[in-house]
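First up is the structure itself, then whatever we jot down about it.
Order of listing sets the numbers, starting from 1, for every ligand and every atom in it. Counting begins at 1 with the first residue of the sequence.
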Amino acid sequence: MAAGRLGDTYGGYRARLLERLRAQGIQDLAVLRAFGETPRHLFVPEALRHRAYEDGALPIGHGQTISQPTTQARYLEALGLSGTERVLEIGTGSGYQAALLSHLARVVVSVERVPPLAQAALAALDEAAITGVVVVVGDGSLGWPAEAPYDAILVAAASPVVPKPLLRQLAEGGRLVLPLDVGQVPAEALRALPEPPGGGQVLVRITRQGGQYYAEPLGAALFVPLIGRHGFDQET
Ligand code: SAH
């Protein structure tokens with residue numbers, strides 16, 4: 001694992017984060033390696049760098065957060081990437097998850113609706129010497145048709161419904177992982193979860209197979225709202 005190889009003073013903290021992820025049940029070695037190779041401290045505000053390797057969400061400005069590492073790791077495991085995929089991320093935020101994805105896929109397109117966040121993410125990706133990530137500004141509930149189809153799509157903001165454009169832009173065999181309003185998921189599917197979601201959101205994986213879409217709930221989720229044409233109207 002590359003936890004000490006980045007030439008910064010955070011290697012020990014990164015190694016501890018990897019231990020924490022393993023203790024939380026993350027087993028995919030490629031995912032763990034991506035965490036070991038990505039300097040999370042470059043993606044959080046400078047004043048919070050000392051907390052960058054804690055397993056928690058942190059504020060990144062504009063009312064948004066960088067998600068909790070365990071959550072992001074579960075997401076990445078659920079996508080089952082092998083390194084060759086074209087991936088679309090909705091909600092660049094800090095750029096950290098896009099950086100993780102760059103280690104796990106061939107092409108990463110990441111859409112952010114708040115321009116200053118997209119700019120800060122680009123600067124952080126640049127500082128971290130991450131290549132292979134394209135950050136664009138727009139309403140990600142419409143997907144990003146110019147680069148479609150995608151083998152994997154992940155949405156880092158919670159949606160009231162599955163945005164139809166994302167289904168259309170999913171390649172055959174592709175996976176879409178997104179947090180959905182709990183009301184959208186059949187009660188019977190929720191009962192199959194190890195722990196019933198207490199809050200209002202469920203992480204769902206949708207697979208496109210033979211022109212059909214199969215949905216599977218993965219667990220409880222807590223994300224900021226997806227704001228856009230196929231999301232929520234405005235910040236609440
Ligand atoms: N993946 C991020 C965390 C994202 S937080 C990280 O690693 O830091 C969710 C992000 O989704 C926020 O930055 C928010 O501005 C963005 N967002 C919300 N609605 C969106 C939309 N319709 N299109 C694109 N981005 C959106």
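- With hydrogens and angles disregarded, a donor-acceptor distance shorter than 3.5 Å links the side chain of R49 to the backbone of H41.
- Shown in contact with Q72 at under 4.0 Å from a heavy atom are these atoms of ligand 1, numbered in order with element: 6 (C), 7 (O).
- Against a heavy-atom cut-off of under 4.0 Å, E89 is close to the following atoms of ligand 1: 1 (N).
- Ligand 1 places these atoms under 4.0 Å from at least one heavy atom of I66: 8 (O).
- Those atoms of ligand 1 with a heavy atom of V114 less than 4.0 angstrom away are 15 (O).
- Every N/O-N/O distance between I90 and ligand 1 stays at or above 3.5 Å.
- Interface of T92 with ligand 1, defined as ligand atoms under 4.0 Å from a residue heavy atom, comprises 1 (N), 2 (C), 6 (C), 8 (O).
- The existence of a salt bridge linking R20 and D55 is confirmed by a sub-4.0 Å separation between a basic side-chain nitrogen and an acidic carboxylate oxygen.
- Residue-environment remark: CD (E46) stays at or below the threshold of 12 foreign heavy atoms within 6.0 Å.
- For ligand 1, none of its N or O atoms has an N or O atom of S67 under 3.5 Å away.
- Here the shortest heavy-atom pairing between A118 and E112 reads N-CG, 3.9 Å.
- Every atom of ligand 1 with a heavy atom of G138 under 4.0 Å away is listed here by number and element: 23 (N), 24 (C).
- The residue among L58, T65, V155, I60 with a heavy atom at the shortest distance from atom 5 (S) of ligand 1 is T65.
- The side chain of V224, and not its backbone, has at least one atom closer than 4.0 Å to an atom of ligand 1 (non-hydrogen atoms only; side chain from C-beta on).
- Side-chain atoms of E37 never come within 3.5 Å of backbone atoms of F35 as a donor-acceptor pair (strictly under, hydrogens ignored).
- The S94 neighbourhood of ligand 1 comprises atoms 6 (C), 7 (O), 8 (O), with distances under 4.0 Å to a heavy atom of that residue.
- A donor-acceptor pair is defined here as one N or O able to donate and one able to accept, closer than 3.5 Å; such a pair exists between the side chain of R40 and the backbone of A52.
- Although no hydrogens or angles enter the test, the distance criterion places no donor-acceptor pair under 3.5 Å between the side chain of Y10 and the main chain of H50.
- Ligand 1 places these atoms under 4.0 Å from at least one heavy atom of L117: 13 (O).
- Taking the ring axis of Y13 as reference, the NZ or CZ atom of R16 stays within 45° of it and closer than 6.0 Å to the ring centre.
- In terms of protein heavy atoms, atom 10 (C) of ligand 1 is closest to G91 CA, 3.6 Å.
- Using a 4.0 Å cut-off between heavy atoms, P225 contacts ligand 1 through its backbone alone, with no side-chain atom that close.
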